[in-house]
Structure formats: structure tokens, C-alpha cells
There are 2 protein chains.
Amino acid sequence: MNLEQVARRAKVSTATVSRVLNNASVVKNSTRTRVVKAIEELKYYPNLHARSLAGGKSRTIGVIVSNLENPFFFDIYKTIESDAHARGYEVVMANTDYRSEQLVSSIRLMIGRRVAGLACIVSEMAPELIEELEQSRIPVVFYDVGRPRPNITNIRVNYRRGIEKVVDYLHSLGHRKLGFIGHHAILGPINERMKAAMDAVARIPSLEVRAAADADTLEGGRQATRALLASGFAPTALICVNDIMAVGSLRELRERGIGVPRDMSVTGFDNVKLSEFCYPALTTVDIPRERIGHIVCDSLVPRPGKPPAADPEVVIDPELVLRDSTGPAAAREA
Amino acid sequence: MNLEQVARRAKVSTATVSRVLNNASVVKNSTRTRVVKAIEELKYYPNLHARSLAGGKSRTIGVIVSNLENPFFFDIYKTIESDAHARGYEVVMANTDYRSEQLVSSIRLMIGRRVAGLACIVSEMAPELIEELEQSRIPVVFYDVGRPRPNITNIRVNYRRGIEKVVDYLHSLGHRKLGFIGHHAILGPINERMKAAMDAVARIPSLEVRAAADADTLEGGRQATRALLASGFAPTALICVNDIMAVGSLRELRERGIGVPRDMSVTGFDNVKLSEFCYPALTTVDIPRERIGHIVCDSLVPRPGKPPAADPEVVIDPELVLRDSTGPAAAREA
DNA sequence: AGCCTTTCTGCCAGCGCTTACAACATCTTC
DNA sequence: GAAGATGTTGTAAGCGCTGGCAGAAAGGCT
């Protein structure tokens, strides 16, 4: 089933059918009707591969995320998708599960698909990959990694500042021994988030901190909490790298009979919807995921009216959101 | 950057480069080395569109789901993806958000991509779409909709049986007035799940039931619960169409000071990971999502050794999982 | 050395579509 | 009614890759 068959049925040339498909307004109305009819009768759907081969372009944007299971990534993805659709673009998604080989192959796949733009919402990004992407001439957006370059936009959240807000808040509640629950990708040598947390704590001499990490899942949060508590260190507050791990942590604490926030304060990060629905509702840090999604789409898909390129670097300052999972440390002694 | 440039650099023909790329073993080793070197130096990535155009096939399978935000769908997707990768296939995903226009356009898109196989894990599926898919000759798997046909496999969960188990269990606990929390896609005219629930209740004369529905999200579960309680009907147990909505329900109940399971029992469906992590942990019905994912992949991707087609219809009988969100109705009076 | 296999490599015809460019049809205008 | 402007459609040259076929190279024998 191809253009030619439709053309034959409508008694026109393939070029005309193509023109109808691409709604060029040059086609005479009577002809268009005939073609449309043929298309419908034949249930013809253009071969997208042929189309982008011939056209040289692809009206598809690629999105690569670390862990779609975490609603944080999903929320961003969703916004990108709906923006893209609104502008007539498709989006293909790839999930790396924090595995760098997976990242490499996903990026190659996207290049192979000749995507019109690529968003990398991943925590890990080798410099040579950035290099490769820059050379590919594809418009790219990175989240939280890399530096702005030609055809590369950067979005970053001031994670450090966010963690500082959390630490200051816990400190003000009287907490002195803090635990940090991270996820595996975060235990690498140069580890932004973990380091940010350590630094934020180090600013205040009276504080002590210890970290543990596991997979970026509910279960991982639970395991990391278990490991941290088993180490003998006795924190009065747990700073979790994100909300999902915090919910995992909550479960472990509950099973051990450790009351939150009575015996232990817990904080999340991201302000994912679930953080309001878990029990107790999480004190967390809001990252405006929809805003991020919009920025991604804006810098990838050139809008007709709008100015083509926004800032090559966008920095977002996250806000603390207070809920029920944190309280004064003193309560523990009571 | 294309085959020709690589060929020129390696001083061979494009056909030879193509052979190297597709690891045909006929290429002499010394030639292969030269070509590989050229490919790497040029950072060449084959154009996937050209490839599948020329080859006529696409080593890509499509997966369409109703709501990726619900981990139920995501778990299935994830299994399909990893199985597919293991067999050298890519997968492209589309999310319909329960919108039928979105379903239609996603299906057309998949056909346009000439996917090697298509999985539709969606609750809504118009008969004419099924017709269209059958004609497209693409191997298709439906979950919970449609009937087996040539080149169409069907997987269905005996939802009715699952709900019956829930109803019987609640009945045995002394509950007589039940609420059903559904989601919008489920309020259609012929509505399998809602109907199953009503029928399950109708089997037992002493039972009474009332339903409410909202979006398939945490928030939706909360709203539907609010609506149900506002109606004046006073159930002692809430049967939720899935775990996510149940967690939403839990929050509403908590905020109203209604104890679970003391004042109200709540059940979920699916046995998503979150159902263990919420508070209280949910009594639910397990649907083996990994198994479903494997079946999907098996019937879409012809394995070399294995027999090509499995059963055209697979029915899964789900199991009740007891946790902490359900208890005797009598307790309420205490 | 000469002939026959067995490898290996190059040539080229598509795959289905887009897009100049050319060709034809239809109007205008004087 | 002819020339020119305008509108509409057809022709054909690719887009980058694969795969069948045939020719070239290399190796094995007598």
C-alpha cells in the first residue's frame, strides 16, 4: 500500500497525492477530494520512514530519561510530549535506568533516527558523548549536566541551594545528626548531589552526616534506610535525594516503629504528587517540572512567531515545601 | 554523513560497508577492520529511516498504553522493553491518556512506522480500529479488549473473578454497604469493570453498592471518594478500581479522620509496588504484570528456536492479596 | 601453469516519498 | 484572439540503505 496505488486510484500522479498529504494549498479542490477519498478507501497511511528519508527531516523529538519509573521524569516527559504534539511533532522516549551503556545506545539510536531535537534528562553524561552530540548538529537540551555550547541548551536546578534550605530548616528544628539517602547513580566519584548535601552540612559545624544509597525506587529507599540505621549511626532526620526514596524510607521507619516526625524527620525532593499522598505527607523541595518541560520544548522546536533560541542556560532555584514529615528534634527525648 | 562517505574513506563500496554494519560474516577481516575504523573516525551512525525503507522491515515494536503515569502500565511496558532489547528490537511507546482520538492517531502513527508488532494495552478500542489493524497484517496483541483473530493475540485478566474475590472477602468481614471507585474511561456505556463490580455485588442479595468515578490518578481517587461520601451513602468499604485510586482514596479518608481499616476498609487492584508502601498497606488483587509483558513480547517477536505463535488467547486469573487496609465491618460500631 | 572452487567485493535496482522544474490548463487583459 | 499571468498537475531526480547478481581475487588441485 503506497503512494502509487493511491495515485492510480485517484487518477493523479504521486506528486499530487503527496501534496494533498502535506496539505499544500495548491491542489485544486476537486482533485483534493478525489485523493482524500482514495486514501480513505484504501486505508492508506504514509510510510514515515520514506517520508523522513525523502524530506531529510523528521518532526520527531527524542527524550532520554534516567528512570521513567520515578514520576519526576515522567512529569517532565509528559509536558514535553503535550507541547510537542501541539506543534505537530512526535516524541520518542528512551529510558536508561541509569545505565551508561544504555545511554550511549539510546543517543546513537536517536541520532540514527535523525531526530529534530533531543532532550537528555539524565544524571550521567560522559564528556565524549556531549562532544559527539555537539558535532551531530542536532539541537540538544541537557538537564543538570554539561555546559552550554553551540546548539546545546542547559537547564539546571540549583540543587545545592535546595539542599541548603533543607539542611538549614532541619538545623533550625534542632537536628544535629543527619542521614542522607541517595541513589546509586549518585555514588559516583564526582557526585553532584551527594557532594552538595555534604557541603551544605559542612557549612554548619555542629552538624554530623552519614549517607547510604540504593536503587532509585521505593524499595531502594527502604533498603538504604535499613542500611543506614544498621550502621549504628543514629540520625534524627533523614534527607532523601528524592520523594520516591523518601516514601521508601517512610515504610522502613514505620515497620521499625519509628514515628515520623516524632522520632525522625524525613525530607524528600522534587515535590512529586505522591509526596502529598503518602503518610505522613512529605516536607520536600519543589522542582517546577512543567516549567522545565516547556523550556525543553521551546528550545528544541523552533516556534513560528517566537524568537528562535532562548537562553543557552537556565538555572532554577527550588523552593522548600513544608508538610508533615518534619518536626523538632527535641521531641525525640520527650 | 552517509554510507558513501564511509565507503570512500575505507576505499570500498557502500555495499561492503552495509555488510559490515549488518555483520554479515562474508566480509574479509582486513576489510572489515578498515571499514570499522572509518566508521569510528567519522562517527557515522546509519540512518534508521533509510535502513527500514530499504529493508522493508523495522525491528521496532510499538506499545500503546492508556496511562503511563499508572505504574501498572509502566511495569508491563518495562518488561516488554527489556525483552525486546534482548532480542535486538527497539520499542516505541505511545500514551493515550484514555483519549480515543489519541488512540486512533497513535495507531496510525505505529502503522506509519511499519512496526514489526504492536501491543495495545488500553481499555478502549473501537471495533473499526480492530478491523483496521487486522487488515494491516501487523502482529498485534490486545490487553483486555477485542477478540482473537488472525494475527491478533488476546490477553485478558479475569477481572470479574478478581472483583468477586474482593466482594466475597468483604462480605465475609461483615460489610454490607460498598462503594466502588472507578476511573472515567470506565464510565462508558458498556463498561466491563464497573459492570463486573455491580454483577459481583448483585450475586449477594444483602449487599448494596454505589459508585463514583474520576480521573485515573491519585487526585482522581481522592475526588471520587469525596464525591461518593458527599452523596449521603455511607459505605463501610471502598472497592477501588486500581491501587493508585485507592491511595488517593486513603488520603481523603485520612483527612476526614476516617480510620482505615477501623472505620472503612479499602481495596485496590493490580498489586502495584506502591500498594505495599502506602499507609496502611493495601489489600489488593495481584495482576502478574511481568508475565503479561513476556507474553506480549513472545507473541510479537518470533523467537528463533521457539514455536512461533502461542495461544491466540490467554486468560489470567488474578489472586487476592491481603494486607492492612481491610478489616471487619463490625469494628465501626465499637 | 591451468582450471575449478570458494571467497569476497562492486554494481545497481529498488524501498516510498518529497520537491524542484517543466508542462499544461485556465484566466485576464487589451 | 494572442500574449502574459496565474493556477494546477506531471515528471523525474534523488534521500541513504539493502540485497541479488555478477565479476574479481584467492586458494586448491592436477
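Note that the coordinates shown come from a computational prediction; the quantities given were computed from them, not determined experimentally. Letters A, B, ... mirror the listed sequences (proteins, then strands); counts begin at 1. No hydrogens, no waters, no symmetry mates; every other heavy atom, side chains included, goes into these values.
Nearest heavy atom pair, residue A/Ile138 against residue A/Val115, reads CG2-O, 3.8 Å. Nearest heavy-atom pair across A/Asn95 and A/Leu68 is OD1-N, 2.9 Å. Looking at every heavy atom in both residues, A/Ile61 comes nearest to A/Ala84 through CD1-CB, 4.3 Å.
No more than 12 heavy atoms of other residues, nucleotides or ligands shown are found within 6.0 angstrom of CD on A/Glu290. The neighbour count for A/Arg137 CZ, taken as heavy atoms of other residues, nucleotides or ligands under 6.0 Å away, does not exceed 12.
For the pair A/Arg51 CZ and D/dG16 C1', the interatomic distance rounds to 18 Å; values are reported in whole Å. Residue A/Asn47 contributes atom CG, which lies 13 Å from atom C1' of D/dC15 at whole-angstrom precision. Separating the NE2 atom of A/His49 from the P atom of D/dT18 is a distance of 13 Å, rounded to the nearest angstrom.
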side-chain contact (heavy atoms from CB on, under 4.5 Å) assessment of A/Glu81 paired with A/Met93: CA-CA 9 Å; A/Glu81 188 184 42; A/Met93 187 273 298; over 6 Å; no

side-chain contact (heavy atoms from CB on, under 4.5 Å) between A/Val27 and A/Arg34, intermediate numbers included: CA-CA 11 Å; A/Val27 184; A/Arg34 214 157 13 110; over 6 Å; no

Derivation and outcome, side-chain contact (heavy atoms from CB on, under 4.5 Å), residues B/Met125 and B/Cys120: CA-CA 9 Å; B/Met125 181 61 70; B/Cys120 296; 3.7 Å; yes

Full working for side-chain contact (heavy atoms from CB on, under 4.5 Å) between A/Lys43 and B/Arg108: CA-CA 10 Å; A/Lys43 292 203 193 311; B/Arg108 306 237 157 120; over 6 Å; no

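In this structure, CZ on B/Arg114 lies 9.5 Å from CG on B/Leu53, to the nearest 0.5 angstrom.
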Which pairs, protein N/O on one side and nucleotides 4-14 of chain D N/O on the other, fall under 3.5 Å?
from	atom 1	to	atom 2	distance (Å)
D/dT9	OP1	A/Thr31	OG1	2.1
D/dT9	OP2	A/Lys28	N	2.9
D/dG10	OP2	A/Ser13	N	2.8
D/dG10	OP2	A/Ser13	OG	3.1
D/dG10	OP2	A/Thr16	OG1	2.9
D/dG10	N7	A/Arg19	NH2	2.8
D/dG10	O6	A/Arg19	NH1	3.1

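Rounded to 10 degrees, the angle separating the terminal helix axes of the helix from C/dA1-D/dT30 to C/dC30-D/dG1, each built from five base pairs, is 40°.
Along DNA chain C, the nucleotide nearest A/Gly55 and the nucleotide nearest B/Ala50 are compared for position; the residue whose nucleotide lies closer to the 5' end is B/Ala50.
Of all nucleotides in DNA chain C, those with any atom nearer than 4.0 Å to a heavy atom of chain B start and finish, going 5' to 3', at C/dC8 to C/dG16.
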